[in-house]
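Worksheet: the structure to be examined is printed underneath.
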Protein chains: 2
Amino acid sequence: MARTQQSRTFPQPGHNHDRCAVQALARAEALCDAKRLRFTSVRRRVLATVWASHAPIGAYDILAQLNAGGGRNAPMAVYRALDFLLAHGLVHRVASLNAFVGCAHPGEAHSHKLGSQLLICRACGSVVEFDGRAVSAAVARAAPGFAIESEVIEISGLCPHCRRLTRRKAIARD
Amino acid sequence: MARTQQSRTFPQPGHNHDRCAVQALARAEALCDAKRLRFTSVRRRVLATVWASHAPIGAYDILAQLNAGGGRNAPMAVYRALDFLLAHGLVHRVASLNAFVGCAHPGEAHSHKLGSQLLICRACGSVVEFDGRAVSAAVARAAPGFAIESEVIEISGLCPHCRRLTRRKAIARD
DNA sequence: CTCGTAAACGTTATAGTATAACGTATCAAT
DNA sequence: ATTGATACGTTATACTATAACGTTTACGAG
Ligand SMILES: [Zn+2]
Ligand SMILES: [Zn+2]
Ligand SMILES: [Zn+2]
Ligand SMILES: [Zn+2]
């Protein structure tokens, strides 16, 4: 299988993102079908908007996209759809940005059932989930006596691609 | 030294919290004095309000406290003071709650210069920082090629004290 | 097929969080 | 005293999220 949003690596700058989006929608459809959930029009459109890129998007930006063609949706429609998508693991909330991003591994045995573990590139905006099992284990060891119920782990910095660009610029300035 | 907010353990339910607050203010004053920073009246009052408890408080709740005696401060005053306090490590932002909490180790060699690593009790609301050096190391190992710049690590659950209470209730129901 | 129920949705209003922009006051160094 | 930088006051506005209500739609039981 070609490398799509499935992987836990940052997406190449010029990758064919249509494949990511199409695949994410297909997976969501399959998951809802399997669980007898209603993957309604609003929910599908919101998920598609979230998957328009690998960068988090705010609820009101989703709303604007939804209404771009003359729609008259209210904020509630978006928030309700997001509640559904969050509840079933199809999107993640990015607390540090008050925004939302598609989940690349819905339904899979998330090592991180407790929450999301995200890498956020401040340059290109892309977000990927990383395998945080070792991190969760370290957290558990660091918090003896504390009954962990959920984790918000959001790491910001530069993804490999943007780091390369930054270095080139720095060299060019010399 | 008696156990105050200095420690990385959850505060006892009935502890003498005045000591925590007084000590936090004194430390802030000393830190600002050393760095030639202006620890102005608004900043002091905002920090004191944040330290009114070990639970995070929202900016508008701080504002309400500030204006409780008939003050006429605007939200900007609070946000500007919080910006200052955040910039100098005197408070932490709790992204998952859109709220703020006092830093118990200002100026110390935070293992976590990159961000905050917090345990949040959903029952009593108390927040403590934990020693996240091992966690940061695990994050770095889990994100090869990613240039980490900041970390938001917020773990929610039940603190030891509240966990004990919950268990007692569960037993009582039997 | 009709009915009854629960889920989803539409709509309006409101609550809660954060910043922009501009002028004034204060501080500290020359 | 002059001056430049920092902090503050004030107003307005942007952005994020939920409450509460009634209506519609989906779907299984009978
Ligand atoms: Zn893509
Ligand atoms: Zn990037
Ligand atoms: Zn205390
Ligand atoms: Zn507690």
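So that the names make sense, note that chain A is the first sequence line, chain B the second, and so on, each numbered from 1.
- The interatomic distance linking Leu85(A) (CG) with dA8(C) (C1') rounds to 14 Å, in whole Å.
- Atoms CZ (Phe84(A)) and C1' (dA26(D)) sit 14 Å apart, rounded to a whole Å.
- Side chain of His15(B) to backbone of Gln12(B): a donor-acceptor contact under 3.5 angstrom is found.
- If you take CG of Leu82(B) and C1' of dC8(D), they are 15 Å apart, rounded to a whole angstrom.
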task: If a protein heavy atom is under 4.0 Å from the base, mark B; if only from the sugar-phosphate, S; if neither, -; do that for nucleotides 9-22 of chain D going 5' to 3'.
output: BBB----BBBBB--
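- A side chain to side chain contact (heavy atoms under 4.5 Å, CB included) with Ser96(A) is found for one member of Ile120(A), Leu118(A), Ile155(A), Val152(A) and no other, namely Ile120(A).
- Atom CZ of Phe39(A) is separated from atom C1' of dC9(C) by 17 Å (rounded to the nearest Å).
- Side-chain contact annotation: Arg45(B) with Ser41(B), donor-acceptor N/O pair under 3.5 Å present.
- Here dA7(C) presents its P atom at 11 Å from NE2 of His88(A), a figure rounded to the nearest Å.
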field: Letter per nucleotide, 5' to 3', of nucleotides 24-30 of chain C [B base touched, S only sugar-phosphate touched, - untouched; heavy atoms, 4.0 Å]
entry: ---S---
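- Remark: the backbone N or O of Ala55(A) is paired with a side-chain donor or acceptor of Ser53(A) at under 3.5 angstrom.
- Put simply, the side chain of Glu154(B) gets close to the backbone of Ala95(B): a donor and an acceptor are under 3.5 Å apart.
- Backbone-only engagement by Arg43(B) is indicated by non-hydrogen atom pairs under 4.0 Å involving sugar-phosphate atoms exclusively.
- Atom NZ in Lys35(B) sits about 17 Å away from atom C1' in dT6(D), given to the nearest Å.
- Between Arg36(B) atom CZ and dA7(D) atom C1' there is a gap of 19 Å when expressed in whole angstrom units.
- Listed for the Asp131(B) side chain is a donor-acceptor partner under 3.5 Å among the backbone atoms of Arg133(B).
- Relative to the ring axis of Phe84(B), Arg43(B) places its NZ or CZ within 45° and under 6.0 Å from the centre.
- Between the side chains of Gln117(B) and Glu129(B), not a single donor N or O lies within less than 3.5 Å of an accepting N or O.
- With hydrogens and angles disregarded, a donor-acceptor distance shorter than 3.5 Å links the side chain of His161(B) to the backbone of Phe10(B).
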